[in-house]
Each structure stands twice: as C-alpha cells, then as structure tokens.
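Quick caveat: nothing in here was measured; it's all calculated off a predicted structure. Order of the sequence lines fixes the chain letters, A, B, ..., with proteins taken first and strands second; residue numbering starts at 1 for each chain. All values below come from the heavy atoms of this structure, side chains included, with hydrogens, waters and symmetry mates left out.
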Number of protein chains: 2
Amino acid sequence: MVSASVKDVAALAGVSVGTVSNVLNRPQKVSAEVTLRVQSAIDKLGFVRNDAARQLRAGMSHSIGLVVLDAANPFFSDLARGAEDRAAAENFTVLVGNSNEDEGRESAYLDLFEQQRVRGVLLSPVGNVIPRLEQLRRRGIPTVLVDRQTENKSFSSVAVDDLAGGEMAAAHLLSLGRRRIAFVGGPASIRQVADRLAGARKAIDAVAGATLEVIATESLTVLSGRAAGESIRSRPEAERPDAIFAANDLLAVGALQGLMLMGGVKVPQEIALIGYDDIEFAAAAVVPLSSIRQPSALIGSTALELLLREAESEDGFAPSQVVFPPELIVRASTQG
Amino acid sequence: MVSASVKDVAALAGVSVGTVSNVLNRPQKVSAEVTLRVQSAIDKLGFVRNDAARQLRAGMSHSIGLVVLDAANPFFSDLARGAEDRAAAENFTVLVGNSNEDEGRESAYLDLFEQQRVRGVLLSPVGNVIPRLEQLRRRGIPTVLVDRQTENKSFSSVAVDDLAGGEMAAAHLLSLGRRRIAFVGGPASIRQVADRLAGARKAIDAVAGATLEVIATESLTVLSGRAAGESIRSRPEAERPDAIFAANDLLAVGALQGLMLMGGVKVPQEIALIGYDDIEFAAAAVVPLSSIRQPSALIGSTALELLLREAESEDGFAPSQVVFPPELIVRASTQG
DNA sequence: AACACGCAATGAATCGTTTCATAACGAGTT
DNA sequence: AACTCGTTATGAAACGATTCATTGCGTGTT
C-alpha cells in the first residue's frame, strides 16, 4: 500500500467515504464523536489527500502560473515574492517558470500551465504573445501582463511607467547642472530599455544645451557596464560625459567600477551616475548608487490580485491597466 | 464548454476514447489514417490534456519538489537551475519552494509536495528534519539532502566539503605570509558557517605563530560585512588583522567596502581578503574577490540524478553521500 | 398516535485519462 | 473451408476525492 485513500480511512473509522470528506471539508456538518474517530483513523493511516483527485473533481487547480524573463534578476525575484505572498493569503500556490527571454521556453511553460489547469497566468512576455493569450482566454485561463504595458487594452497589466522613470532620472542629472549625459544600456530591443531611453531623451530635449549620447551594451549585466565605464574612462577628459544614466543597476555598478579603476574618474565629482531598479546592492555599492525604484513586490501582489478577481468573475470582466509611478532615490553617486 | 476532453475528441473523430489515448501515448499502435483524423479533431477542439486526470491515473506526478533556504541567494538559484535542467532532460518538472530558513514554511512545502504526490524531494534543511524525512520515505517519497552532509547515513546527500573549503581559504592566506587572520561570519548556528570556521581553525593551528580572530556577524549580508569592515578600519593599525576570511561573498563584498571607505585600508596590500561561494558578482567587485567556488549547478543536477535513481529503484536502495571538493579561485583581493 | 422537521450519515455518480482484456477483421496457411 | 496469426480498434474499469439527493433517526408538535 503506497498511501491510504479516503476509502481506507472510512473503513477503519467505520463510516462512509462521504463522511470522511465532510470531516475534511465541512467539519461543522459532522458530529464530534464521528469527527474524532475519523481523525484518529487519518492519523493512524498517515492519510494525505491526493491533490490530483481533488483537482480533477474541482475542474481547476489552486495554482497560478508565473513566467518571468530572468529568475536571477532581483527585480523578478522580488516580484515573485510579492505574488507568492498575496497568493498564499488566498490559499493559492504560485508556480514560477523562467523563460530566460526565450520564446520557446515561454511557450513551453504556458503549455504546462494549461495542462495543469491553473487558475490564471502572470506573464512578463518575451515576444508578441497576444495571440497566445487570446487562445488561453478562450480556454478559460485569464492572464495579467506584468512589467509591460500593452497597446492591447483587452488584457490587464501591471507595470511601472518606464518613460516617466527615464525622464525622472535624466531630469535629476540635469538639475545637478550636468549637461553632457550618457545613456548606457541595451539591447534596444528590450522594451524597458527603449522606454527609459525615450524618457531620458524627452527630459534632455527640454533643456537648451543639454546633449544625450547613447552607449549601447550587449546585455544588462555588471560586466557590460564595466566595459562601458572603462571605455569612458579611457577617453580624453574633455570628451567624457559629466553624467551617466544606466538602464539598470547592474550596469550602473559595473560602470562605477570601470570608471574608478586605477584611481580613475571620481564619482560623483567628475561624473554623476544613476541606475535603475534600486536593487538591494545599489545602496551597498562602494559609492552608494542613486537609482529609480520600482515597487517590485507591489507589482507582483497587485497583478495577482487583478488576476484572481478576473478569474472569479464571469466573463465580461473589464481589464484594467495599472501603472505605478517610479520613485527617485538619491544617494552619494549623484551628490556633491 | 470550458475545455474539450478525450471524449469530445473521440466523438468528433469517430473513434473510441482508447484510440485517442493511443494516438497521444503510443502513436505507433495506431493507423496513419486514424491518427490524422484524431489529430485534426484535437486541433479543431483545442484539446489540452488534463494533467490532474493523468496524474490520478498514474498515481504519481512528474514533478519533484525542491525546498531551498533562500531563493534570493545566487548559490541556491544556481543550484535550482542545475536541478531544473537535469529534470527537464528526463521530462520532469521542479517545483521550487522557499523556506526562508523558517521551519514552518519548510514543513508547509513538504505537506504540499506530499499532497501533490511528487516523485521525490530535494531539501536544504532548516532544522532537524530526519523524522519528517523518515515519514516521507514510509509514504514512498524519497529525499535527497542538498548542501548539507548528514550524520544519518540512511539518506542520500550532495554537498560540498565546507571544512576543506575553510581550510583551503585559510591555507591560501597563510601561504601569502599572513599570520593575523580574522574570520568574519555568523550566525554560528548555521552549519555551513561553523564548518568553514572549523576548517580555517585547523589550517591556522598547524602554523606556528598564526592567530585566528572571530568577528561574528548577525547575518550573511553585504551590510553585515560592511559593518565588520568598518570596525576593523577604525582600529589602530597595529591591531588590525592582515587577512580576512569571510564566510560568504556577500560578507566579503561588504567588508571590502567598509575597509576601503575614505581611502582607508588597502586591499590586498594591507589586508588580504577572501570570500566563499564565488558568486557572479565576486569577479566584478571593485577589487575582484578571491573566493572558494562551489559547483552549485552541479550540486543541483547531481542531487536530482540521485533522487530519480532512488525513486525508480525498488526499496532496498543504498543511499549515497556525495561530497564535492571546493575550489580555490585566486583574484586581486589576495594578490600583490 | 400520527406527523413534520432537522440533523447526520450515506453511497452512487462524477471529473478525464489510461490501461488492458477483448473483439473485429484481413491475410496467410493448411 | 477451417484455421491461426497479427494488426487495429474498442470500451469498461480504475485512479481518489467530492457532491448531492436520499435515507435514517430522534425530537417536538398537534
């Protein structure tokens, strides 16, 4: 006997299977004496409910699926934590899949979630997923997009206004009197990067005499940032920017190192530096980093909330697009 | 109609449900003509297998559960990736739970995994879980411990020899001629911390005139390390150690910052510094960090392999304890 | 004494897939 | 023509929990 079933419990307790189920799910409907007998039978047999059977009968699971672009990115792990905590409060479980920015893996996870009959899906999409989402919706699985605003207003989404964030970062640098601003980031195909750059451009265009230089990187990593920083440091002093806006904090940390190597450029005196995301490490960097904070956990919990509401409602649910404002965090890298 | 079932597919294709199942699971047993008809019915109806029903019938799921101490720690996310990749190759899915070093959450995840009838569990344990694991085993769910050697040889485990790692780190510092060595780490209740310290002590005791000072920290974080570094910097020069071994890289990074603040102590000239884990950031720190590398992904994949082998075997499986050797990675923080 | 009512407990039906013993059929053999 | 294979296809049974219409029983009412 691999494991006991309700039938075994019922037999041992001398009751029907229906009663065992009632003890488990509607204890108030069962007399105290019988409850006790059933409980002790459960203990004696080490009975554990079979989730697959429950789910089959229920028709839907108590899980929701989450597909993130990069599980190693602190932004997404915070987002996931936010979603998980909110889900736990409603007795739901979150299954996390890591697409690694690969459309194939994204699709595989969506397939898996469909087979599991998850209650809904949170998705930070790689490519154009709208057709796939419409298919999911037709099959009764609602989706909420995270960290991405959609043109398509028929889906709910929760995101941060990256355009405003970029504008905010650039405006801050401009307010320090800096005028030769460099944007470090890439690849440009990543929506968030493009939006942050567009926001920065907007702020810079509004100030006479301010210029924007774009330094493209291959990825959003510390090493890419370091390369960018070193290339700036190696320029003649007159050709260096006086401020850098990095598309995320990993790049900013790398840039900082590239600049400071061998007693090079002083941050913030010679070049002010600001990042994006406000990851935990930003505050602890050698020169604590200014950054644009995103409420990552809040994005996760809000998206989950929206999703559950949509899942519970009958069709005809009105999708909503939630956009959180980013927040400027000023630290040493843009002070002095 | 929420979603189509095999029955619907069978009806549309004009065959029996058994045949549909055969098309799905043993295509070679079905004639080409029928296969085609069934496939097109599947496509037309948008049929998606119900995993709960499959699993109920099969008696066991195609998932394995993994409980980690801290999902945000790069060491564990690498370990998880290793396990996931290996699992995917065998058509298994890994469900990741984060215990956050909390016994209650650990237990909740184990309950959940039991209800899901997972094929096995990988566990980086918080407290004394042996009784719980014996219970799981009785119910047919094998367990492999990760990142923890057990006294109890009846369970398989995959770990790195932290004692050897600690010894290796200290021996490296001693080989540089350093004699006043400080160990930065804590809380001591964490097994890994205690083992690394014990290893260091062993190496230091073997060298005449070498001393070991233990600087306890509250946690294994950058901020704790920074505090430790600052307190060392504020000492009179004669009372400072000439080398620091930090219990993990986050502490080492923090210590580095604490030491270097305000043009303080030079690393490695005045104080050599080595960390543990070799997280990605170590190589990219302002002074690239020497560290003790653990094969995190390999630990994950090996543990998964052991687990599957144990799950497939009938009872009478001989548990094995795999211990990987740590590896010394020398970078600038201990050179010069 | 007859009746109605409410509370407990019952157990058959159900969810969707897989499996397996059986049937149907055609081709080859004697 | 009777037979044995071999190949396909069939459909009922099984997995385990839940649900719900039904039964049984004790209490209170008239």
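- The side chain to side chain contact (heavy atoms under 4.5 Å, CB included) with Val68(A) is formed by just one residue from the set Tyr109(A), Phe76(A), Phe75(A); it is Phe76(A).
- Of the options Leu110(A), Leu66(A), Ile64(A), Leu95(A), a side chain to side chain contact (heavy atoms under 4.5 Å, CB included) to Val121(A) is made by Leu110(A) and by none of the others.
- Within 4.0 Å (heavy atoms only), Val20(A) reaches no atom of the nucleic acid at all.
- Distances from the side chain of Asn22(B) to the nucleotides dT10(D), dG16(C), dG16(D) place dT10(D) closest.
- For the pair Ala58(B) and Val17(B), both in contact range of DNA chain D, the more 5′-proximal nearest nucleotide belongs to Val17(B).
- Paired with Thr143(A) under the rule side chain to side chain contact (heavy atoms under 4.5 Å, CB included), one option of Ile130(A), Leu123(A), Leu122(A), Val67(A) passes, and it is Leu123(A).
- Contact annotation: Arg49(A) side-chain N/O to dT18(D) OP1/OP2 distance is under 4.0 Å.
- Within the structure, every side-chain polar atom (N or O) of Ser5(B) is placed at least 4.0 Å from both OP1 and OP2 of dC15(C).
- Across all strands, Asn25(A) comes closer than 4.0 Å only to sugar-phosphate atoms, never to a base (heavy-atom distances).
- Considering Val144(A), Val146(A), Val158(A) as possible partners of Thr302(A), the one that fulfils the side chain to side chain contact (heavy atoms under 4.5 Å, CB included) test is Val158(A).
- A straight line from CD of Gln55(B) to P of dA14(D) spans 21 Å, rounded to a whole angstrom.
- In this structure, CD of Glu33(A) is placed 16 Å from P of dC25(D), rounded to the nearest angstrom.
- With salt bridges taken as basic N to acidic carboxylate O contacts below 4.0 Å, one links Arg132(A) and Asp111(A).
- At a threshold of 4.0 Å, the pair Glu33(A)-Arg37(A) counts as salt-bridged, since one of the basic side-chain nitrogens sits closer than that to a carboxylate oxygen.
- Where Gln28(A) and Gly18(A) meet DNA chain C, the nucleotide closest to each residue was compared, and Gln28(A) sits on the side nearer the 5' end.
- Of the possible polar contacts, one joining the Gln192(A) side chain to the Asp147(A) backbone as a donor-acceptor pair under 3.5 Å is found.
- Atom-to-atom, NZ of Lys7(A) to P of dA13(D) comes out at 14 Å; the value is rounded to the nearest Å.
- If you take CG of Asp8(B) and P of dG16(C), they are 8 Å apart, rounded to a whole angstrom.
- Contact annotation: side chain of Arg54(B) to base of dT18(C), donor-acceptor pair absent below 3.5 Å.
- Remark: Arg26(A) is not in phosphate contact with dA8(C), judged by side-chain N or O atoms under 4.0 Å from OP1 or OP2.
- One can place CG of Leu56(A) at 9 Å from C1' of dC15(D), the figure rounded to the nearest angstrom.
- Thr19(B) comes within contact range of at least one nucleobase, with a heavy-atom separation under 4.0 Å.
- A donor-acceptor contact under 3.5 Å links the side chain of Arg57(A) to the base of dT18(D).
- Out of dT19(D), dG16(C), dG16(D), the shortest distance to the side chain of Ala53(B) is found at dG16(C).
- When the C1' atom of dG6(D) is taken as reference, atom NZ of Lys29(B) falls 10 Å away, rounded to whole Å.
- The CG-P distance, from Leu45(A) to dG16(D), rounds to 13 Å in whole Å.
- Side-chain N/O atoms of Ser31(A) include none lying less than 4.0 angstrom from OP1 or OP2 on dC7(C).
- Between the side chain of Gln55(B) and the backbone N or O of Gln116(B), at least one donor-acceptor pair lies under 3.5 Å.
- An end-to-end axis angle of 60° holds for the helix from dA1(C)-dT30(D) to dT30(C)-dA1(D), taken from five base pairs per end and rounded to 10°.
- What separates CG of Asp51(A) from C1' of dG16(D) is a distance of 12 Å, to the nearest Å.
- Between dT10(C) and Ser16(A), a contact under 4.0 Å exists linking OP1 or OP2 to a side-chain N or O.
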